[in-house]
Amino acid sequence: MQAGLLRTSRVAQRGRVQFLIVIFTGILAGAALGAGPYTISQKDREFRPAQIAIKRGETLRFINDDGELLHHAYLSTDTFSFDSGDQQPGSKFDVTFSVPGDFMVLCGIHPKMKLAVHVAK
């Protein structure tokens with residue numbers, strides 16, 4: 001009788017462990033999906049939003065939403081740099097911020113366009 005209970009207990013315990021693994025994997029996958037890129041629109045010679053706070057390792061997706069205007073997002077500092085090149089209308093460019101700090105993203109075509117990015121540790 002005890003052997004049967006012990007075997008049932010092991011099967012139940014194994015089932016609970018498998019269930020917890022499935023739950024934990026789902027949580028990790030959901031967290032990864034929720035951390036998708038933050039969208040930065042480039043429209044009417046503005047970055048929208050004009051400022052954003054993110055965590056180190058998160059990604060900004062620059063989208064040229066202007067019908068006929070080129071844009072050219074860039075950042076150049078001692079600690080972090082990127083350059084999108086000329087972006088045609090409808091194009092997208094992803095940047096992952098790998099270092100913390102405060103940065104000012106500019107447009108090489110429209111000098112008044114500025115995006116303040118705060119990257120937390």
Side-chain angles (χ1 to χ4, degrees):
M1 181 75 166
Q2 282 186 347
L5 287 175
L6 186 57
R7 205 176 6 248
T8 302
S9 177
R10 285 184 186 154
V11 170
Q13 186 176 18
R14 202 173 306 137
R16 278 186 291 231
V17 169
Q18 290 172 341
F19 176 75
L20 290 174
I21 289 171
V22 168
I23 293 296
F24 184 71
T25 303
I27 290 170
L28 289 177
L33 291 174
Y38 295 93
T39 300
I40 305 297
S41 175
Q42 298 169 97
K43 187 171 176 81
D44 300 327
R45 295 183 178 103
E46 294 180 349
F47 288 111
R48 294 181 187 170
Q51 59 185 8
I52 190 166
I54 61 174
K55 295 177 187 169
R56 181 176 59 185
E58 291 186 318
T59 300
L60 297 183
R61 174 169 288 161
F62 292 85
I63 301 175
N64 183 346
D65 290 323
D66 265 325
E68 297 179 18
L69 294 177
L70 291 176
H71 288 291
H72 187 130
Y74 74 94
L75 168 66
S76 181
T77 69
D78 292 339
T79 59
F80 186 73
S81 299
F82 74 87
D83 190 321
S84 71
D86 287 350
Q87 291 180 268
Q88 298 292 325
S91 67
K92 300 173 185 173
F93 180 79
D94 288 356
V95 178
T96 300
F97 283 76
S98 57
V99 296
D102 292 309
F103 303 99
M104 186 64 66
V105 177
L106 303 171
C107 177
I109 298 171
H110 307 102
K112 292 183 180 180
M113 286 180 67
K114 296 180 180 176
L115 168 65
V117 181
H118 174 75
V119 182
K121 293 181 182 183

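The first residue of the sequence shown is numbered 1, and numbering continues consecutively from there.
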Original post:
In terms of ring plane angle, is the pair Phe97 and Phe82 parallel, tilted or perpendicular, where the classes change at 30° and 60°?
Top reply: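 Ring orientation of Phe97 relative to Phe82: perpendicular.
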Please name the pair of heavy atoms, one in [X] and one in [Y], separated by the smallest distance, quoted to 0.1 Å.
X	Y	result
Val105	Phe47	O-CE1, 3.7 Å
Gln51	Leu115	N-CD1, 3.8 Å
His72	Asp86	ND1-OD1, 2.8 Å

Original post:
What's in the same ILVMFWY side-chain cluster as Met104, cut-off under 4.5 Å, chained through other members?
Top reply: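 So far as hydrophobic clustering goes, Met104 is joined with Tyr74, Leu106.
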Original post:
Which hydrophobic side chains are connected to Leu70, either touching it within the sub-4.5 Å cutoff or through other members that do?
Top reply: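 Answer for Leu70: Ile109.
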Original post:
Between the side chain of Asn64 and the main-chain N/O of Gly90, is any donor-acceptor distance below 3.5 Å?
Top reply: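 No, Asn64 side chain to Gly90 backbone: no donor-acceptor pair under 3.5 Å.
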Original post:
How would you list, by chain and number, every residue that makes a side chain to side chain donor-acceptor pair (under 3.5 Å) with Glu46, sequence neighbours excluded?
Top reply: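 Testing Glu46 for side chain to side chain donor-acceptor pair (under 3.5 Å), a comparison that skips the adjacent residues, returns Arg48.
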Subject >> Selection residues 99-112 - residue pairs positive for side-chain hydrogen bond (donor to acceptor under 3.5 Å, both in side chains), sequence neighbours left out >> reply: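 Sorted pair list: His71-His110, Asp102-His118.
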**OP:** Quick one: list whatever passes salt bridge (Lys or Arg N to Asp or Glu O under 4.0 Å) with Asp83, sequence neighbours left out.
**Re:**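 Not a single residue meets the salt bridge (Lys or Arg N to Asp or Glu O under 4.0 Å) criterion with Asp83.
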**OP:** Name all residues meeting the side chain to side chain contact (heavy atoms under 4.5 Å, CB included) criterion together with Ile63; count only those two or more places apart in sequence or in a different chain, and write none if there are none.
**Re:**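 Side chain to side chain contact (heavy atoms under 4.5 Å, CB included) check on Ile63 returns Thr39, Arg61, Asp65, Lys92.
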Original post:
Would Leu69 end up clustered with Met113 when hydrophobic side chains under 4.5 Å apart are linked, directly or stepwise?
Top reply: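 No, separate clusters.
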